[in-house]
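Hydrogens, waters and symmetry mates play no part in the numbers below; they use all other heavy atoms, side chains included.
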Amino acid sequence: MASTPADQPILDPPHDSSDTTADRPGLPAAGADDLQKVGATYIWLIVLANFGVFMALVTPMALSLAIRVSQLAPGRDEYLGYVIGAGGIASVLAAPLIGMLSDRTRSRFGRRRPYLLALTVLGVAALVVMAQAPTVPVLGLGWVLAQIGWGSILALLIASQADRLPESQRGKVSGLGGMVGQLAPVAGALLASGLTGNPLLLFLLPGAVGAVVMVLFVLLVPEPDSRGQRWTGEPWSLGALARTYVFDPRRSPDFAWNWLGKFLFMTGLTFNTTFTAYFVASRLGITVEEVGGLVAVLSMGGIVAAIIGAVGGGFLSDRLRRRRVFVILGGCVYAVGAITMALAPGLPVIIAGAVLGNLGIGVFAAVDQAIALDVLPDRTNAGRYTGIYNFSTTIAQGVAPLIAPIFLTIGATGGAKNYTLLYFVAAAFTVVAGLVVLLRVKSVR
């Protein structure tokens with residue numbers, strides 16, 4: 001197909017709400033086959049936007065929140081799980097609603113951009129709340145607002161890709177997105193490791209990066225004036241609002257199975273990432289405040305592996321026209337890394353396990369988003385469906401921290417936590433995730 005520059009986005013085709021072919025298995029979603037290739041400008045701006053948002057959102061989850069919880073409630077590690085879980089639940093409720101509203105929005109600035117800008121402001125304000133929180137409940141409130149802001153932005157960035165990317169470019173862009181998804185937490189950890197004594201900068205510097213790149217994206221990736229577009233879908237009503245959060249898995253089985261696979265993988269991943277700082281501190285006999293630099297070292301050790309996995313997997317999946325095999329490969333490699341870390345006697349083996357884990361995450365992330373776009377039930381409602389797909393991550397991030405303490409207490413004595421069991425459970429989840437996608441998603445090779 002001919003290349004089209006980033007400043008000439010493809011308009012959504014008209015959609016007849018009575019046409020149900022978009023939900024039928026094996027049939028392409030509306031508009032799926034007539035998208036032209038986007039230019040390099042759009043690709044790099046969407047990749048940069050993902051980098052900044054991941055830095056703003058993942059840095060607190062990986063390090064900053066653990067430090068604040070240890071300062072506000074020493075010795076109550078489980079509070080971290082409750083805080084992160086509350087944020088995940090809030091994101092579950094917000095993302096599809098915001099996505100649905102953006103699908104229906106008619107403005108001179110387009111459908112997505114007004115929300116991207118407003119949510120960026122909310123995300124930055126939430127980081128200030130967390131930095132200044134005097135108690136754990138206020139910290140939790142800040143994280144809820146952060147998940148609504150930054151988490152919903154991630155869903156809208158996927159919706160933007162659904163609006164624009166043809167199938168032939170989805171693996172490449174997904175791979176690049178997976179790469180920055182690994183690099184952003186590393187950069188955030190490096191920033192945060194030197195700021196543990198300054199709560200405001202600890203949260204705001206990663207957030208400032210996210211805010212800057214989102215402003216660039218909004219300014220440099222214009223959308224067409226949508227005021228003249230006619231909405232032909234379901235009229236606004238309370239029933240339509242309720243249906244924003246659900247879909248019929250019988251009519252969209254591949255979307256449903258891929259959703260489940262992503263949920264299982266993210267559950268396993270969240271088991272580990274939520275408690276990484278505590279795990280490393282416990283295994284090495286140091287305080288959580290001293291872990292910041294080591295978390296950065298762990299992340300840096302996996303940078304090359306993550307880049308190879310994400311970019312290599314994404315480009316290979318487009319070239320070979322195969323997606324599912326990369327999902328099971330990523331799940332298995334991550335499992336090996338998690339088990340290696342669980343059994344590690346010291347820092348060198350922990351780093352080796354982290355490298356393997358990052359390789360697995362990179363491979364999985366390279367094709368996961370591409371598959372999601374391939375099996376999207378209805379592209380004219382991309383905001384809604386990408387919000388629903390984002391449930392697979394946000395529900396996992398909400399549920400996993402809440403049930404992780406169950407595994408941490410099994411076989412534990414005194415004040416110790418059974419991190420070894422938790423990492424084994426995480427490994428099992430990621431392998432099962434890969435098997436679900438490999439065996440049950442039929443319309444993608």
Side-chain angles (χ1 to χ4, degrees), residues 58 61-63 65-66 69-70 77-78 80-81 84-85 182 185-186 189 263-288 290-306 309 327-365 396-397 399-435:
V58 178
M61 189 180 300
L63 181 63
L65 281 173
V69 169
S70 68
D77 299 5
E78 67 274 15
L80 177 63
I84 292 180
Q182 301 308 304
V186 176
F263 168 76
L264 292 172
F265 187 91
M266 291 306 301
T267 298
L269 178 60
T270 305
F271 280 149
N272 289 2
T273 55
T274 300
F275 294 94
T276 295
Y278 292 124
F279 164 72
V280 174
S282 173
R283 191 57 56 92
L284 301 182
I286 59 179
T287 66
V288 174
E290 295 173 314
V291 165
L294 290 177
V295 170
V297 170
L298 289 177
S299 302
M300 290 178 64
I303 286 180
V304 175
V327 173
I328 184 62
L329 178 62
C332 290
V333 172
Y334 182 84
V336 172
I339 292 172
T340 300
M341 293 183 70
L343 300 177
L347 184 59
V349 181
I350 290 177
I351 292 176
V355 169
L356 285 173
N358 279 321
L359 176 63
I361 295 171
V363 173
F364 183 92
Q397 291 174 343
V399 171
L402 297 177
I403 64 177
I406 297 174
F407 300 111
L408 290 174
T409 57
I410 294 176
T413 58
K417 302 293 189 299
N418 194 347
Y419 291 107
T420 300
L421 175 61
L422 185 66
Y423 274 60
F424 269 88
V425 172
F429 268 76
T430 59
V431 172
V432 173
L435 289 173

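For the pair Asn418 (side chain) and Thr409 (backbone), a donor-acceptor distance under 3.5 Å is absent. Distance alone, capped at 3.5 Å, places no donor-acceptor pair between the Arg283 side chain and the Gly346 backbone.
Atom-to-atom distance recorded for Phe275:CZ and Lys417:NZ is 9.0 Å, nearest 0.5 angstrom. Interatomic distance, Leu264 CG to Thr430 OG1, rounded to the nearest 0.5 Å: 9.5 Å. Annotation: the span from Tyr278 atom OH to Leu408 atom CG amounts to 11.5 Å, rounded to 0.5 Å. Taking CD1 of Ile351 as the start and CE of Met341 as the end, the distance is 9.5 Å to the nearest 0.5 Å.
Of all heavy-atom pairs between Ile339 and Ala427, the closest is CG1-CB, 3.8 Å. Between Ile350 and Ala344 the shortest heavy-atom distance is CG1-CB, 3.4 Å. Here the closest non-hydrogen pair linking Cys332 and Val431 is CA-CG2, 4.2 Å. Considering every non-hydrogen atom in both Tyr423 and Ala342, the closest pair reads CB-CB, 3.5 Å. In plain terms, the two heavy atoms of Gly434 and Ile328 that are nearest each other are C-CD1, 3.5 Å.
With sequence neighbours excluded, the residues satisfying side chain to side chain contact (heavy atoms under 4.5 Å, CB included) with Leu329 are Val333, Val363. When the ring pair (Phe, Tyr, Trp, His ring centres under 6.0 Å) test is applied to Phe263, the partners found at least two apart in sequence or on another chain are Trp259.
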Distance-only check: which donor-acceptor pairs under 3.5 Å involve side-chain atoms of residues 399-407, not counting sequence neighbours?
none

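For residues 334-344, the pairs satisfying side-chain hydrogen bond (donor to acceptor under 3.5 Å, both in side chains) are Asn272-Tyr334, with sequence neighbours left out.
Checked against the 6.0 Å centroid threshold, Phe265 and Phe429 do not count as a close aromatic pair.
Side-chain contact check for Ile84 versus Leu65: some heavy-atom pair is nearer than 4.5 Å.
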